[in-house]
Protein chains: 2
Amino acid sequence: MATPLNSRAEILLKTLIEQYISGGAPVGSRTLATQAGLELSPATIRNVMAELEDMGLIRSPHTSSGRVPTQAGYRLFVDSLLSVESMDLSTVSQLQGELTDGVDQQHVIANASSMLSQLTQLAAVVSVPRREEISAFRQIEFVRLSAKRILVILIARDGQVQNRVFDTGRKYSDSELVEAANFFNAEFAGRTLGEVKRLLLKEMERDSESMQKSMRVAVEMAQQVFAESQDEGLVVSGESNLMDIPDMGDVKTLRRLFDVFGTKRDLLHLLDQSMRCEGVNIFIGRESGYEALEDCSVVTASYEVDNRIVGTLGVIGPTRMSYERVIPIVDITAKLISGALSGDNE
Amino acid sequence: MATPLNSRAEILLKTLIEQYISGGAPVGSRTLATQAGLELSPATIRNVMAELEDMGLIRSPHTSSGRVPTQAGYRLFVDSLLSVESMDLSTVSQLQGELTDGVDQQHVIANASSMLSQLTQLAAVVSVPRREEISAFRQIEFVRLSAKRILVILIARDGQVQNRVFDTGRKYSDSELVEAANFFNAEFAGRTLGEVKRLLLKEMERDSESMQKSMRVAVEMAQQVFAESQDEGLVVSGESNLMDIPDMGDVKTLRRLFDVFGTKRDLLHLLDQSMRCEGVNIFIGRESGYEALEDCSVVTASYEVDNRIVGTLGVIGPTRMSYERVIPIVDITAKLISGALSGDNE
DNA sequence: ACTGGCACTCTATATATGGGAGTGCCAAGG
DNA sequence: CCTTGGCACTCCCATATATAGAGTGCCAGT
């Protein structure tokens, strides 16, 4: 941190990490000497390694085995040492193909997630976009299923449909329902879902008598449906890929990891963090803030619709993952999904 | 198989299996002597155990360790030796509560699955009901999203909503869409989804000119939505519970197991098999027909809506699971879910 | 500043070693 | 004839021990 590395040390650190990533075993001075391309003897390299260890960039698991990168080492690596491969063009177009053949936002997201996990052989995560401030309200419908059960259907301009069944206390006539629907459709058409939600909320607070009773209930139901439409989801796939990775050998560790996937809340929070920044984001080990992700890294990128960031996607794998392979995949996927969702919308 | 067991052998087999299930370790003659309640010496019991081994009901992992049940042993056990506990009443009512607070079929199913896995601490599986022949068509709507994009919404009488976006080749006027909707709603109201699907299929085959062109496309779109409505789903939860079970220690084995959960097709097939029979069904180890389920058992029960079997639920765990605890849970859940879905429907 | 050499450390693997649990069989007793 | 205690035998498992190998740190020489 204090002293910036001289270029020889950089090269050695880079080679060491690459070597460790591909081999999985601690790297010793001899292998480093042959691999780094510098004409140095193992002894010299040992001196440099000692320095790197002092700086906290690498460490040795035991008194005498090779060195492995520390978290700080990885950080430096991905920040300034890493050379990313650009992606195979045919793979890109294949990805694009698979991605855009979902007519529907849900399909696009699901495809993206599954592709991502397949390409990286890691676990993939895609957050369902916040549509609130982007997607506009188109129309709402109240369908009477039986005497007291009413189905509310919310349709957004982009074709997303949200629906929910309510058990109302009393009977509603068809005409009441039609009237309610007309009211909403006239009042709110064209506004964004978020706006409508807020307006409805205000409406309810006013506890107004200016509204008929029947309207009140309708507003309440609509409010709930809108509230759910915010329902931020998360699509996870390829979790089981992580079981093939020897680093995670411990079933105990795996279990905790899978719990994270199960709850989703934590993951969502993590993805939210990287919503702010553009481009690819990397959380290494503890940086994510979750103990279960101790030996994992998370590579994320956010995607946008109509030039606004609306969601994030990423992959989760062992800290010892091939960043140079994974980063471009995540990057490209984010861009493609942006395209697929934007094009879809008009 | 040939010779039915005498009662002493039965008791010993039963105790052995119970002992093995609770302890997880091979059971020897001494422990069996103290646990079985019979006044017999270990030596005598050894003789009986030898017989049981000859019959293929138990085996010893090594020349000299205790015995463990074979698949055939488990089979006999669950078929005729098992005494199931009846369930704690408070648990039942709690279950019922949690189950019925989902207004919506999807919620009920999801709740059932999660409850099932929580109660058993195993992986749970619930198949989404075949609604085709039960659920009636209520109405269809065509919403124009943009010039050539049309949203088709299918509403069933029970409140299920199915929707899909189509990119049509040409523009449709609002009046055309209204006309199409009216046609469907008048023609098919009240019929079951399955019926409508078949009728539409026939309609399309006729390639009739009696229909206007616009109708043809509408029929086609409707057909596709109906086809998707058949979309048999599967809700899985608690997979990660299996990682806590020491029997499955092997990550390799777990991985294959998780692959089964991932593909779902195989699971669905398995659940289908037990749709035919009423009551609780048990597949032990290989009986399920899947190699990945080698050391697992599947306990299933089907549930019904309006006295017709429409789906199946079950749990998957190690063959060495506590059947006497699991069976009643699966049984009750199936009954409760039947109730919850039937009551919901009118 | 770099290098070879050397003693040292620590791991991983293979190889004994002994205890323990359980069996099968046999001969004796009810 | 069924049951039982006794006994030799088998096999697993945990522990200890030896050994090879990889890698280090340090020092002295270039």
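Just so it is clear, the structure is predicted and the values come from calculations on it, not from any experiment. Below, chain A is the first sequence line, B the second, and so on; all start at residue 1. All heavy atoms count here, side chains included; hydrogens, waters and symmetry mates do not.
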Study note, to complete from the structure: B:Ile45 atom CD1 is separated from C:dG22 atom P, nearest whole Å, by 13 Å
Review point. Closer than 4.0 Å, any side-chain N/O of A:Arg46 to the OP1 or OP2 of D:dA22?
Key: no
Review point. In whole angstrom, what separates B:His62's NE2 from C:dT23's P?
Key: 12 Å
Review point. Between B:Gly66 and B:Asn47, who's closer to the 5' end of DNA chain C by nearest nucleotide?
Key: B:Gly66
Check your understanding: How many Å lie between CD on A:Gln19 and C1' on D:dG23, as a whole number?
Key -> 16 Å
Exercise for review: Round to the nearest Å and state the distance from B:Arg8 atom CZ to D:dC1 atom P.
Suggested key: 15 Å
Point to revise | Rounded distance in Å - CZ (B:Arg59) to P (C:dG24) | key: 15 Å
Check your understanding: Taking atom types as modelled and ignoring hydrogens, do the side chains of B:Ser240 and A:Arg255 form a donor-acceptor contact shorter than 3.5 angstrom?
Key -> yes
Review point. To the side chain of B:Ser41, which of C:dC10, D:dC11, D:dT4 is closest?
Key: D:dT4
Revision key, fill the gap. Atom CG of B:Leu12 and atom C1' of D:dC2 are separated, to the nearest Å, by 15 Å
Revision key, fill the gap. B:Arg256 meets the salt bridge (charged side-chain N to carboxylate O under 4.0 Å, His left out) criterion, sequence neighbours left out, with none
Check your understanding: Side chains of A:Ser302 and A:Thr312: is there a donor and an acceptor less than 3.5 Å apart?
Key -> no
**Study point:** Distance in angstrom units between B:Glu53 CD and C:dC25 P, rounded
**Key:** 11 Å
Check your understanding: Can A:Arg286 and A:Glu294 be counted as an ion pair, charged N to O under 4.0 angstrom?
Key -> yes
**Study point:** OP1 or OP2 of C:dG22 under 4.0 Å from side-chain N/O of B:Ser64
**Key:** no
Practice item. Check every atom of D:dT4, C:dT23, D:dT3 against the side chain of B:Ala43 and return the nucleotide holding the closest atom. Key: D:dT4
Review point. Under 6.0 Å from the CD atom of A:Glu278, do we count more than 12 heavy atoms belonging to anything else shown?
Key: no
**Study point:** Residues touching DNA chain D, which here means a heavy atom under 4.0 Å, drawn from residues 23-32 of chain A
**Key:** A:Gly28, A:Ser29, A:Arg30
Review point. How long is the line joining CE of B:Met49 and P of C:dA21, in whole Å?
Key: 16 Å
Exercise for review: Under 4.0 Å between any heavy atoms, over every strand shown, what does B:Thr44 touch: base, sugar-phosphate, or nothing? Just pick one.
Suggested key: base
Review point. Does the distance from a Lys or Arg side-chain N to an Asp or Glu carboxylate O, for A:Glu53 and A:Arg59, drop under 4.0 Å?
Key: no
Practice item. Start with the C-alpha distance between A:Glu10 and A:Lys14, add both sets of side-chain angles, then the distance that settles salt bridge (charged side-chain N to carboxylate O under 4.0 Å, His left out), and finish with yes or no. Key: CA-CA 6 Å; A:Glu10 272 190 358; A:Lys14 179 165 186 255; over 6 Å; no
Practice item. For A:Ser65 and for B:Pro61, find the nucleotide of DNA chain D with the closest heavy atom, then tell me which residue's nucleotide is more 5'. Key: B:Pro61
